Amino acid sequence: MPRHRDYDDDDDEPEEEEEDVYEEEDEEEEDDGGKAGRKRRRSDFIDDAAEEDDDEDEDDDDEDYGGGGGGGGGRRRPKRRTAFLVVSFSLHCLLSVVVLIVRFSFADFIVDSGADIPDEDGARREYRHRLLPHEDQEEDLEELTRSIKQRYARSPHVEYDEEATDVEQQALLPSVRDPKLWMVKCAIGREREVAVCLMQKAIDRGPELQIRSVVALDHLKNYIYIEADKEAHVREACKGMRNIYASAKIMLVPIKEMTDVLSVESKAVDLARDTWVRMKMGTYKGDLAKVMDVDNVRQKVVVKLIPRIDLQALANKLEGREAPKKKAFIPPPRFMNIDEAREMNLRVERRRDPMSGDYFENIGGMMFKDGFLYKTVSMKSIRTLNIQPTFDELEKFRQTGEGGDGDMASLSTLFANRKKGHFMKGDRVIVVKGDLRNLKGHVEKVEEDTVHIRPNQKDLPLTLAFSDKELCKYFDLGNHVKVVSGSSEGATGMVVSVQGHVVNLVSDTTKELLRVFADNVVESSEVTSGLTRIGEYELHDLVILDNKSFGVIIRVDSEAFQVLKGVPDRPEVALVRLREIKAKVEKKGNAQDRYKNHLAVKDVVKVLEGPCKGKQGPVEHIFRGVVFIYDRHHLEHAGYICAKTQSCVLIGGSRANGDRNGNPMSSRFAHMRPPPRAPQSPMRSSRGGPPMSYGGRHRGGRGHDALVGADVKIRLGPFKGCKGRVVDIKGTSVRVELEAQMKVVTGKCFIDRNHISDNVNVSVPFREPSRYGLGSETPSHPSRTPLHPFMTPMRDPGATPIHDGMRTPMRDRAWNPMSPTSDRGGDWEDGNPASWGSSPQYQPSSPRSRAYEAPTPGSGWTNTPSGNYSDAGTPRDNGSAYANAPSPYLPSTPGGQPPMTPSSAYIPGTPGGQPMTPGSGGLDMMSPIGGGDTEGPWLLPDILVNVRKSNDDTVIGVVHEVLAQDGSCSVGLGSSGNGDTIIAHPTEIDIIVPKKSDKIKIMGGPQRGATGKLIGVDGTDGIVKVDDTLDVKILDMVLLAKLAHA
Amino acid sequence: MSGEEEENAAELKIGDEFLKAKCLMNCEVALILEHKYEQIQQMSDDPTNQISQVFEKSLQYVKRFSRYKNPDAVRQAREILSRYPLAEFELCVLGNLCPETVEEGIAMVPSIKNRGRALDEEAIEKMLTDLSLIKKFE
Amino acid sequence: MFFHIVLERNMQLHPRHFGRDLREKLVSKLMKDVEGTCSGRHGFIVAITGIESVGKGLIRDGTGFVTFPVKYQCVVFRPFKGEILEAVVTMVNKMGFFAEAGPVQIFVSNHLIPDDMEFQSGDVPNYTTSDGSVKIQKESEVRLKIIGTRVDATEIFCIGTIKDDFLGVISDPGTNA
């Protein structure tokens, strides 16, 4: 039966071929009536490929022997030739690794009792190799190898043909039942010799040498591998071998690594011209070199190096003077200057290279060209794998007259060296090699080394497969990217130019140009500056330096800081090292401006005099009569300006953040600071507080004070559970103003940053909006007036449709995703319908805070609305129904109807007057039922929800169906929804807020029902890639629900 | 954010919201902001402290880059441009930059060429000439 | 590009302001809160020009604060990728130059400045063509094309190019009296 298979498999092989092989076998086995042996081996071969069970194997064997073998005699009689060897030298000349495998098979010498010797295994392995006749047939070696190759090139596929699946391939891997591979130390350079000796030994000693094969790898010095079942067998075999260090430990190769030993991976860094390599030894050890010429026959390459030559020493040497030799000294790399050499009286010959026709300068036997050293070295002395030239090195190489060409050429090695998983789905790539060069596309799928891309060109097939070496990441000008490796790792910026493989980008923080490899860059919307901290000092910290001076850290380099010193007259920047910094100034100073206004950190001031006159921005630090102001329009010194407090004037009217973030301190200062100067007083005095701007509008989302103004909940310590607002951050501590004590004192406590959870967003406590005071009507109304004249053109014939047609729908459009509109409030409320059901006092606040987990504080005014909701500190508000009413009704005279019951609505109208618009009457109903009605359509199938049960426990589930009548849902429990199905009222259901890269469903707005992926979160906004259209939308987080895993 | 439909003003991909929104030429903005600035000034004798940097910068900018200073001219400019099938955005770019030649006009607003509108070169030329006339008579 | 758009915002007001001038209070607070801010979506809000509507207020539990949805018209400045606009140069250095168009900063890298313009350092750093006919320095007016925008919570930053037809200096401070 196996025989049949064998023949089948070889069907398409030329008959002679087969014959040949058999002939050789026959020759070799003639003496022992080789028929059996031959069959035996053939069957072995098949069995092996089939990888059948051992038992079955044996059966097969038995059959074979019994059937065709001419009796068991052959089986019992020890053979004269005890081993069949295959010495396959460098299977393919192309491979740089030469493998010597010596294989033994004792299968044929098993005595009856030898059943315990797992000889079959050994025999089975033979499919890889073929029997080699002994010495007298060595001349046939070549031919034999050829035939072996031809015949067995396909051998692993013999059984499976093309259909070999992964699983089947897997079955070929060694298992615990297979013999093990042992690593044995031998004399260096004698690896092959040892292998051959062991082969000889095996031939001489026969079965008593219980090892199965010996492997000598050319790239592995000092070791050979021996395949055997037991260590003892290995020891036995090695005993008495001259070149094997018997004392050395014999190491077992773990099963997992066994395949690696014999798989030839390192093949194809085809040493082509222009590849980058590194020198392995000598003076240039570690230096980058470029291959200029390759001589495969002699295994030599010509490389181009930046010379490390001490001309003086060279001159001495050439003149025969004995120079004091300092071994340790390696001259720094420097381009050869021929003139300089001439001056040193070195003989410089100008020679033409007969091969290339180029001229070289020859000094003392060394060839130079353009300052580079051209050196012929052995292939063994260069490292070709994982060469990652740094940018500096490449720059150096480029300096002398290598055009842009070199850049692209250098890619080949860069590619060869890049990590696995380099490309990701969605990456934009450009083809850099082959016929389709310059084709651009998106990565669709990545498999090992093959990348499937969807070309941008329309007329091409949907996807094309490329080797990852043929691709390069591609960026458009203006892309916002992040550097993911290399020296500027972590920095982000925008691409300003792409030169081949090199991307130039403008750093977000320093506004400086960075040059990086495209490979090291990914597209990203994130904004970071890379390194922002050394030791305890962080970017933008105020620090005291050694010599009593002080300044703000405006830049963090790898080992030093740039500090803008506190010298108001002129900007002075110092480069200081970590140890030169004495301390960080934590305290927030106070000062007075020119008009004796009280200044505090975060106040917005304007510089009235000095070099920075006219600049304005929030005060970041105050120290010794000097303020540091951050003006984002100031381009130097990271936007920082240093000025005397006396040269500044407080302005504040324009900043909204103070109000947004709430500043209870203002009341503290109100009495302390009589407004001294008229211009500001109307505004400020009426405002009842200094225009303190707490909060991060200017630094929003970035820097250490991003948390300032955020509502937090304290997780640990004595204040655990308390909620409050962050007023200050010092290092890892934050000062939190506790909500509970807000009215009495501004109770603050230092709390470890880690102990708070930033669960809610920037808050908006009330702040009297009296900037415009009594006059405030005027600015708003008059400001409308000018509009009308200019709107007139719009009303002209041409524009009218635009005006009417476009503005109106706009108003009706869902602005909600960004600006918190009525719908959104409604949605929100609906999302937490629990609040409807019961009275607020007993409702835990968890659902609410959950909804606000995502936003980062200070990320813009759009946040505020959510802040509005959250700052109440109460679990809910009944905002929805009212907000839902898009009625034109204006609250003119509020009063009356005080908000008596939490669930009832406050209607800002005179009690009896101000009739509602007809439609709004219904919406005014704030009864839970009313709420329930509106929330019916809120939920959608397939979203992941938390279902709250009676005892406050929540269970995760997936909405299967929304029932029409009351908005109840049938919810399948469990994260995949496979569990029990229950019917839950919407009031019991909370949507699970998605996290970044979750699949989501849009729950509101015009795209309600669409699915997508949350690719980023910005404040209260989620950046969503919609599945259908692939559009990227910015939607309010509350409109997003996590989709269940399908 | 790869693979997204990127915004590109040259192809008039500026998002629905802005595409449909009322666009303002610099000169129009100048009029609006100046008026507002006066209002603020009346209320306070140190207006610089009351206006935001954004406002201030914008005002400076639009004053500097207004092609037409006179409100009548502004109105006329918009009127002329409105006669042509232009999107709001295109209209304002043309109004702001006042290209002198058809070629320049197309370079400034590439979208006017490739939307298959009945806007041939002659029409564009006429439009640009009319625009420049306003400037001349202002 | 400047736009005139309608935005909506939920305003919170303390009950103590409820009176005849509630609306005015709301409006002035709105202006204070909103003017001068920037969002990635709408750009810089330059000025509020009018109030479209003030919705019905809604009491927030437990606080007495009332939330009013307010729709307002405003002038916004929003730069777009691909937009061509004029700007004033504010700083020139060897890496390129910065320019301002209203509230927005635009960086033009030297890679995006025509190759025939060279950086000249000195008291007034500038980019000049070899024949000296065109010069970009501080206060120059340039026409540029925005090729990239970076939006973060409080700022929009752009990079631009003048390496295209009909882009470049409109006037330099020397000639533009």
Side-chain angles (χ1 to χ4, degrees), chain B residues 6-15 17-30 32-33 35-37 39-40 50-62 64-67 88-94 96-101 103-111, chain C residues 1-7 28 31-32 34-38 41-50 73-88 90 99-105 139 141-149 151 154-156 164-167 170-171 176:
Chain B
E6 281 190 3
E7 72 175 31
N8 185 354
E11 295 164 31
L12 216 56
K13 287 182 194 154
I14 56 173
E17 192 177 328
F18 283 103
L19 197 57
K20 291 174 181 163
K22 166 86 183 148
C23 221
L24 297 173
M25 291 188 278
N26 289 346
C27 46
E28 294 169 321
V29 177
I32 297 172
L33 297 188
H35 190 94
K36 176 145 186 169
Y37 185 69
Q39 298 285 337
I40 299 169
Q50 296 238 346
I51 60 172
S52 67
Q53 206 178 8
V54 170
F55 186 96
E56 196 182 323
K57 296 248 178 208
S58 302
L59 182 59
Q60 278 171 14
Y61 173 73
V62 293
R64 189 164 185 166
F65 291 103
S66 282
R67 295 282 167 170
E88 278 274 307
F89 185 82
E90 297 167 328
L91 185 152
C92 289
V93 172
L94 289 174
N96 281 345
L97 302 176
C98 284
E100 280 159 19
T101 63
E103 201 189 356
E104 186 182 355
I106 292 168
M108 296 300 102
V109 191
S111 52
Chain C
M1 182 59 67
F2 289 96
F3 292 88
H4 193 232
I5 59 172
V6 178
L7 296 178
S28 60
M31 289 190 166
K32 201 151 44 79
V34 163
E35 283 186 1
T37 60
C38 170
R41 184 176 166 114
H42 296 111
F44 293 91
I45 298 180
V46 179
I48 292 174
T49 56
Q73 302 162 341
C74 58
V75 175
V76 298
F77 184 85
R78 167 74 149 87
F80 291 97
K81 220 172 182 171
E83 183 182 345
I84 295 174
L85 44 71
E86 292 162 323
V88 186
T90 54
E100 269 180 23
V104 75
Q105 267 184 44
E139 289 298 305
E141 293 176 3
V142 291
R143 183 190 277 176
L144 51 83
K145 181 159 93 183
I146 295 172
I147 58 164
T149 57
V151 173
T154 60
E155 197 186 352
I156 298 181
D164 221 333
D165 292 344
F166 302 104
L167 300 182
I170 316 165
S171 71
N176 188 34

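Since the structure is predicted, the reported quantities are computational estimates derived from the model, not experimental observations. Quick note on labels: first sequence line is chain A, next is B, and so on, each numbered from 1. Below, all heavy atoms of this structure are taken into account, side chains as well, without hydrogens, waters or symmetry copies.
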Is a donor on one side and an acceptor on the other found under 3.5 Å between the side chain of B/Y61 and the backbone of C/E86? yes
With chain C as the partner, which of B/I14, B/V93, B/L59, B/N26 has the greatest number of non-hydrogen pairs under 4.5 Å? B/I14
Select one option (side chain, backbone, both, neither) describing which atoms of C/I147 are under 4.5 Å from chain B's heavy atoms. neither
B/L33 versus chain C, heavy atoms under 4.5 Å apart: side chain, backbone, both or neither? side chain
Distance check, rounded to the nearest 0.5 Å: C/F80 atom CZ versus B/F89 atom CZ? 6.0 Å
With a 4.5 angstrom heavy-atom cut-off, could you sort out which part of C/V104 is near chain B: side chain, backbone, both or neither? neither
Portion of B/V62 that has a non-hydrogen atom of chain C nearer than 4.5 angstrom: side chain
Name the option with the most non-hydrogen atom pairs under 4.5 Å to chain B; the candidates are C/T149, C/V88, C/D165. C/V88
For C/Q73 and B/K22, what are the C-alpha separation, side-chain angles and deciding distance, and is it a side-chain contact (heavy atoms from CB on, under 4.5 Å)? CA-CA 11 Å; C/Q73 302 162 341; B/K22 166 86 183 148; over 6 Å; no
Could you give me the CA-CA distance, side-chain angles and deciding distance for C/R143 and B/E104, then say whether salt bridge (charged side-chain N to carboxylate O under 4.0 Å, His left out) is met? CA-CA 12 Å; C/R143 183 190 277 176; B/E104 186 182 355; 2.6 Å; yes
With a 4.5 angstrom heavy-atom cut-off, could you sort out which part of B/Q60 is near chain C: side chain, backbone, both or neither? neither
In terms of heavy-atom pairs under 4.5 Å with chain C, which of B/N8, B/V109, B/L97 leads? B/L97
Kindly say whether C/G36 contributes a backbone atom to a donor-acceptor pair with the side chain of B/Q53 at under 3.5 angstrom? no
Got a salt bridge between B/E7 and C/R78, using NZ or NE/NH1/NH2 to carboxylate O under 4.0 Å? yes
